[in-house]
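Worth knowing before you read on, the calculation uses all heavy atoms, side chains too, and leaves out hydrogens, waters and symmetry mates.
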Amino acid sequence: MTCRDRILSNEYADLVVNFILPEEYEYDRPTDTCRHVINEDLQVYYINRGLIPELRYASSSYSFVPKCYGLMQIQSGTNLNTLSLSDAGILSAQRPPLELTGKNVVIAFIDTGIRYQDTVFRDATGNSRILAIWDQTIQTGNLPDGFEYGSEYTQENINEALRSDNPLQVVPSTDTNGHGSKMAAIAAGSSIENGSFLGAAPDSQIVVVKLKEVKPYIREYYKIPNGVPCYGETDVLLALAYLQKFVKILQRPMVVCLGIGTSTGDHAGSGSLETYIDLLSRKKSQVYVIGGGNEGNASHHFHGEITTRETYKDVQLRVDDNEQGFIMDLWGEAPYSYNVTVRTPGGEGIQSINPRSTQPQEFTFVFEKTRIIIEYFWVEQTSGAQLIRFRFTDPTPGVWNIRVSAAGDVSAGIFDIWLPITQFLSSATYFLESNPQITITEPAYARGAITVANYQSANDSIAPSSGRGYARDGFIVPDIAAPGVNVSTPFGSASGTSISAAITAGGCAQLLEWAVVRQNDVFVNSTDIKNYLIRGANREAYLEYPNREWGYGSLDVSGVFEFFANLG
């Protein structure tokens, strides 16, 4: 069996391993496996699922299981916003004297693909502005160098397809969802002749990774409904590694735009994907832009505090009639520790949970068909925090009660619980006493990335759905807010923080053209560009900054240059 077969087969588990043991270390190495080493501290394994119970540590590390990411776009209204680039100071930066249009800058998208045939992705001569597409879903084309699955289509291949009568016979990759195409058009779309559309960086070059969806066993593990787009952490990690060949330090910079997110993780940036993004963001000529998610008003976050007087906290969770199952994670920081008990809507309770067990504990009920698996991680590997994971299958509709009580000799502290993102749940499953803060989705807690919130430019108000900061450890996110409600694209209107991220990515391409291509500040990285944006942001006099909704203000690319002009 080839490595490609293992990568694609549901009989093989995908594992994210954030360490590499030396060759001389004595341990039983599985034989029916393949791996991709990303760097000296990170690798992806594909292992026969039948062997996993025999692997040491394989069932004890939360971080090994790849997270599943959804698209950060929400339903749009009917009133189109055609002024979003103007509101963000992008159009004025395109005009003289700056004339910044993203020349010799690459904007990369890791998403649902791209409709490469569309005029908005071609130059004035009709040729494609797309340097390459790595389509992870197609296995009939040429493999990318250093990777074992998917098909890579070069700019030469794409131009050949555009000259043919049936482009999809030559390059069969497309975007059936439309999410990736909308983001690419907003950030990097060409000017359409009749003036009906213009992207933020219309002279930039484009690279696309079309993510394959997760394997059925991962979808089942996370209880994600069929038909809902869901993309795995392993594929995103490899997509980031693939993009590295398109950067030319100090010559051709790159912006990477991510419009995907999840509520799984510690909400403090310690996960493998966030750590890898942090590493890449320190490199010169690279910028990472991530949408902050659309969970602000979803009622999917509970924040609790236990005091010496109130030694437990009751969490009430309302479960919808149509809910088939879900995962829920409780996080608590050292030195505080917590135990939990569960009571069903019918009054049955779980009293025999063993918090010392390192194995998943399964519970069923006499009068309920629900099955619950509870796992305790007293010191989760990547964060050091306590994690309690609940997996509900066929949950009884109604109000569930989870009692969280202090454990050990420290009798006070705070904890947080997150439900999955909206797409992965029934709309009527939520906490009765929810908290809209700390609702940014991962991987937007990556320290070196630019995390973007979503605001309505029609009335200069933060979108109700936009994720709120800060991180669980107090780190400041979001960094900036950008328009993202009913934004017009050649493929229909779009809303959500993925759209705000696309606008910001285009603005970052303008700044990279000025800084690197024109050699005004050739050594910039992602954090440097973030601080340029913060200095140029619009800030209202009645608000304090940073804040949980807007970060440091609203995006204004032209404001960056006004800031420098005013220094003199």
Side-chain angles (χ1 to χ4, degrees), residues 1-21 23 25 27-39 41-70 110 134-152 209-242 260 262 264-265 271-273 276 325 327 359-360 373 375 381-382 389 391 393 424:
M1 178 175 281
T2 66
C3 190
R4 175 185 280 185
D5 292 333
R6 293 184 175 96
I7 292 170
L8 300 175
S9 172
N10 192 51
E11 299 305 311
Y12 287 77
D14 301 3
L15 299 180
V16 179
V17 181
N18 56 6
F19 60 88
I20 297 179
L21 293 175
E23 291 297 323
Y25 187 84
Y27 68 103
D28 294 331
R29 299 176 185 270
T31 55
D32 193 0
T33 181
C34 72
R35 68 171 180 166
H36 185 105
V37 177
I38 295 175
N39 61 29
D41 296 316
L42 185 61
Q43 57 189 328
V44 173
Y45 262 97
Y46 305 92
I47 302 178
N48 189 311
R49 289 167 58 196
L51 297 176
I52 287 181
E54 303 171 11
L55 295 175
R56 186 181 300 175
Y57 309 122
S59 63
S60 63
S61 178
Y62 161 89
S63 64
F64 285 2
V65 180
K67 297 181 178 71
C68 197
Y69 300 91
I110 301 173
W134 178 22
D135 191 323
Q136 296 180 349
T137 72
I138 298 175
Q139 311 306 323
T140 56
N142 295 325
L143 289 170
D145 290 341
F147 298 87
E148 300 291 340
Y149 69 110
S151 299
E152 182 181 45
V209 178
K210 180 178 179 178
L211 294 168
K212 69 178 180 67
E213 292 211 27
V214 295
K215 296 175 180 179
Y217 90 89
I218 298 178
R219 185 180 288 273
E220 166 58 24
Y221 175 81
Y222 284 109
K223 306 298 181 185
I224 296 170
N226 291 327
V228 176
C230 174
Y231 307 99
E233 186 174 15
T234 55
D235 295 315
V236 179
L237 285 166
L238 294 176
L240 290 169
Y242 166 80
I260 55 176
T262 182
T264 306
S272 295
L273 179 56
Y276 187 45
I327 277 182
Q359 299 300 316
I373 296 174
E375 296 177 83
Q381 185 190 64
T382 60
R389 164 158 283 185
R391 294 182 66 223
T393 301
F424 296 168

Go through it in stages, so that I can follow the logic: the residues are Val236 and Leu273, the test is side-chain contact (heavy atoms from CB on, under 4.5 Å), and I'd like the CA-CA distance, side-chain angles, deciding distance and then a yes or no.
CA-CA 8 Å; Val236 179; Leu273 179 56; 3.9 Å; yes
For this session: Go through the steps for Asp32 and Tyr12 under the test side chain to side chain donor-acceptor pair (under 3.5 Å), then give the verdict.
Result: CA-CA 9 Å; Asp32 193 0; Tyr12 287 77; 2.8 Å; yes
Next on the checklist: Is any side-chain heavy atom of Thr262 closer than 4.5 Å to one of Cys68?
Outcome noted: no
Q. Ignoring hydrogens and geometry, is there a side-chain-to-backbone donor-acceptor pair from Lys215 to Ile7 under 3.5 Å?
A. yes
Heavy-atom closest pair (Leu143 atom, Gly150 atom, distance to 0.1 Å) is CD2-O, 3.4 Å
- Task: Mind running side-chain contact (heavy atoms from CB on, under 4.5 Å) on Leu8 and Gln139 for me, showing each step along the way?
- Result: CA-CA 10 Å; Leu8 300 175; Gln139 311 306 323; 3.6 Å; yes
Practice item. In sequence, state the C-alpha distance, the side-chain angles, and the governing distance for Tyr45 and Thr234, and then conclude on side-chain contact (heavy atoms from CB on, under 4.5 Å). Key: CA-CA 9 Å; Tyr45 262 97; Thr234 55; over 6 Å; no
(message) Test side-chain contact (heavy atoms from CB on, under 4.5 Å) on Lys210 and Thr137; report intermediate values, then the result.
(response) CA-CA 7 Å; Lys210 180 178 179 178; Thr137 72; 4.2 Å; yes
In terms of heavy-atom contacts, Thr264 and Lys67 come closest through O-CE, 3.5 Å
When rounded to the nearest 0.5 Å, the distance separating CD1 of Ile38 from CG of Leu240 is 8.5 Å
Practice task
Please examine the side chains of Arg389 and Ile327, heavy atoms only from C-beta on, and report whether any two atoms are closer than 4.5 Å.
Solution key: yes
**Asked** Counting only N and O atoms by type, is there a donor-acceptor contact under 3.5 Å from the side chain of Ser63 to the main-chain atoms of Gln381?
**Response** no
**OP:** Begin from the C-alpha positions of Glu375 and Arg391 and carry the test salt bridge (charged side-chain N to carboxylate O under 4.0 Å, His left out) through to its verdict.
**Re:** CA-CA 9 Å; Glu375 296 177 83; Arg391 294 182 66 223; 5.8 Å; no
Quiz item: Between Phe19 and Phe64, how do the two ring planes meet: parallel, tilted or perpendicular, split at 30° and 60°?
Solution: tilted
Review point. Can a cation-pi geometry be assigned to Arg49 and Tyr217, taking NZ or CZ under 6.0 Å from the six-membered ring centre and within 45° of the ring axis?
Key: yes
Rounding to 0.5 Å, atoms CZ (Arg6) and OH (Tyr149) come to a distance of 16.0 Å
Rounded to the nearest 0.5 angstrom, the OG-CZ distance for Ser9 and Arg4 is 14.0 Å
CG of Leu238 to CD of Glu233, rounded to nearest 0.5 Å, is 10.5 Å
Here the pair of heavy atoms bringing Pro225 nearest to Phe424 is CD-O, 3.8 Å
Note: Asp41 and Ile20 closest approach over all heavy atoms is N-CD1, 4.5 Å
Residues Gly141 and Ser151: closest non-hydrogen pair is N-OG, 2.8 Å
Heavy atoms of Leu237 and Leu42 approach each other most closely as CD2-CD2, 3.8 Å
Between the CD atom in Gln136 and the CG atom in Asp235, the distance rounded to the nearest 0.5 Å is 4.5 Å
Quick note, salt bridge (charged side-chain N to carboxylate O under 4.0 Å, His left out) partners involving residues 135-151, not counting sequence neighbours, are none
| message | Is it the case that the side chain of Arg219 and the backbone of Glu213 share a donor-acceptor pair, with hydrogens and angles ignored and the cut-off at 3.5 Å? | response | no
Here the gap from Thr33 atom OG1 to Tyr46 atom OH, rounded to the nearest 0.5 Å, amounts to 10.0 Å
Sorted by chain and residue number, the side-chain hydrogen bond (donor to acceptor under 3.5 Å, both in side chains) partners of Thr393 (sequence neighbours excluded) come out as Lys223
